[in-house]
Amino acid sequence: MRLTVVVSSLIAALLPLSPVAAGTGEQGRDGPTPSVTWTPCAGDPTADCGTLAVPIDWARPRGATIDLALVRRKATDPAARVGSLVVNPGGPGGSGVDAVLERVLTFSPEITRRFDLVGFDPRGVARSHPVVCSAALAYQAPDPLALRSQADFAALVAYNQRLREDCRARTGPLADHVDTLSVVRDLDAIRAALGDEKLTYYGVSYGTLIGQLYAERFPGRVRALALDSNMDHSLGTGAFLDTETATVQDSFDEFVSWCDRTEACALHGKDVRALWAGLIARADRGELPFPGDPSIFLNRTSLLSLVFGAFYGPAWSQLADALVALDTGTRPSVSSLVEPRRQEDDVVENPAQVFCEDYLVPVRDFREYAAHLDRATRIAPDMRISPLAISMIAACLGQPTPIPNPQHQLRVAPNAQVLLGNAVHDPATPYSWAASTARQIGRAGVLLTYEGWGHGIYGRGDCTTGAFDRYLVSRTLPARGTRCPAVPPAEATLRRAPWPVPSGPVPGLPGWRFRS
């Protein structure tokens, strides 16, 4: 579920591949397998950089191509090396190159000893021919929570059409081929180019969708797929919004409970829900300035996304400080907020296009849209709605159909053994999604439950990290029903969040967040 520079080297062109059969069909290969020519990265010679050419449209494998950006950190113990571990940090819009190059994804010494860590920027993202749009137009995105009439709804649909046309004109034909099924084809090409007979992969958040669909399409080419904080690609508009809204309310409830029992919370002993309701009311009236900067006023969407971003860690202590600062109009004593992003570039990336090609989330008119919002308010009396979910749905209104990768129930052959992991209190990928996906995968998958909080469970203690490591190294899955105890956020050893915390201007969330 929220977006930078490396020097690429030469790579042999990818030869055509035969079409993929439906369901669990495997891909045939024609001609020699390409390999990546690695050279030291310009900014960090301890890592290797390269590119791999893939077709823009896999249905026309001999047509025009783009170069995917790759980075590799070699295993620290070559004698113990198992192979390559390909990673994706989610998003959509997350850079796998950054995740490896900047060590944003922090793996255990056992993993870095035994695997070459390989990151790639998916097609349409960062260094891999990004989908770009006019910054001026992107910053005009209507607030998805400010629609009041059918005219407002129609204006948003018209705006989305203008933005899509602008993005397509600036990006070229790739704009229509950034769906995750195409990324799955790219991933198999990367596997082959790395010289691995089977794929070992770690994906978090939106990166789990890549792994799920890879297991469905290429079950015989799976060595290990470790999927952390899972998407559910079977959900329609209402179910997607409702489950996202329920889980963000759950995260708010957990924050309030923490403040109630923790004296160190800046809001301890106060009525947190009443203070929060007052902040929403002020935001709705246009009377809530950004802490320390009276020239910037926050609307409801901005306020909700601030709190939502804090739940990723979770950054409960910083959130409490920020809410006090918002209430009093003063900047926190230790600033943990990034100020709103100013428009500086002529173009911006648009990761929402990936979601719109993966999820068909139609809304007929304002009446139906308003009904979704009203239902969300009943589900989440404090948070009112998931700002991420409504922004993604709003960004896809009017999306031309059919889309390349519509939702469906997964069908995975039993020989593709998959590890799924999820926190019970995840603000972005609900635990119900992981449970649903595990049911769809059936005998091919095992769900590891983390009883705690936040987005992403690898690195949150010996239980979760050990289970992932054993699976990646030796393909040993945990017993079905395994549950790992919660680690208090203040005590957990957490990496810097590898997934993009939602930020603007696309898909409509504000360009400010908690520092990670």
Within the side chain of [X], is there an N or O that forms a donor-acceptor pair under 3.5 Å with the backbone of [Y]?
X	Y	result
Y139	S134	no
Q407	L235	yes
E357	P404	no
Y369	P144	yes
E287	R282	no
Q140	A136	yes

N405 vs T180, side-chain hydrogen bond (donor to acceptor under 3.5 Å, both in side chains): CA-CA, chis, key distance, verdict: CA-CA 7 Å; N405 181 31; T180 298; 4.7 Å; no
State, to 0.1 Å, how close [X] and [Y] come at their nearest heavy-atom pair, and which atoms those are.
X	Y	result
P92	P351	O-CB, 3.1 Å
A325	T330	CB-O, 2.7 Å
R73	L101	NH2-O, 2.8 Å
L68	R123	CD2-N, 3.9 Å
T245	A376	CG2-O, 3.6 Å
A175	R168	CB-CA, 4.0 Å

Over 12 non-hydrogen atoms of neighbours within 6.0 angstrom of CZ in R285: yes
Does a side-chain heavy-atom distance below 4.5 Å link [X] with [Y]?
X	Y	value
I385	L241	yes
E244	L388	yes
W276	V307	yes
L181	R217	yes
N230	T429	no
L397	V361	no
H408	H233	yes
R367	Q150	no

Centroid separation Y359 to F240 less than 6.0 Å: yes
Distance flag, aromatic centroids of F115 and F107, threshold under 6.0 Å: no
[X] side, atom [atom1]; [Y] side, atom [atom2] - distance, nearest 0.5 Å:
X	Y	atom1	atom2	answer
S182	D57	OG	CG	7.0 Å
T171	N350	OG1	CG	8.0 Å
N88	D228	CG	CG	12.0 Å
M231	I210	CE	CD1	11.0 Å
Y201	I190	OH	CD1	9.5 Å
F120	S128	CZ	OG	8.5 Å

Derivation and outcome, side-chain hydrogen bond (donor to acceptor under 3.5 Å, both in side chains), residues E216 and Q212: CA-CA 6 Å; E216 184 174 56; Q212 293 167 17; over 6 Å; no
Carboxylate-amine/guanidinium proximity below 4.0 Å for D98 and R127: yes
Salt-bridge present (R191, D196; N to O < 4.0 Å):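 Looking at D196 together with R191, the answer is no, because their closest N to O distance does not fall below 4.0 Å.
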Derivation of the side chain to side chain contact (heavy atoms under 4.5 Å, CB included) call for L199 and D188: CA-CA 8 Å; L199 175 70; D188 194 56; over 6 Å; no
Verdict with reasoning, R300 to I280, per side chain to side chain contact (heavy atoms under 4.5 Å, CB included): CA-CA 6 Å; R300 180 184 289 203; I280 288 183; 3.7 Å; yes
Side chain to side chain contact (heavy atoms under 4.5 Å, CB included) evaluation trace for D426 with W433: CA-CA 10 Å; D426 187 314; W433 288 8; over 6 Å; no
Chi angles and distances behind the side chain to side chain contact (heavy atoms under 4.5 Å, CB included) call for R375, D242: CA-CA 8 Å; R375 190 178 63 256; D242 291 356; 2.9 Å; yes
Geometric class of the F311/F252 ring pair [parallel <30°, tilted 30-60°, perpendicular >60°]: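 Rings of F252 and F311: perpendicular, over 60°.
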CA sep, side-chain torsions, deciding dist, call: S302, N299, side-chain hydrogen bond (donor to acceptor under 3.5 Å, both in side chains): CA-CA 5 Å; S302 302; N299 59 23; 2.9 Å; yes
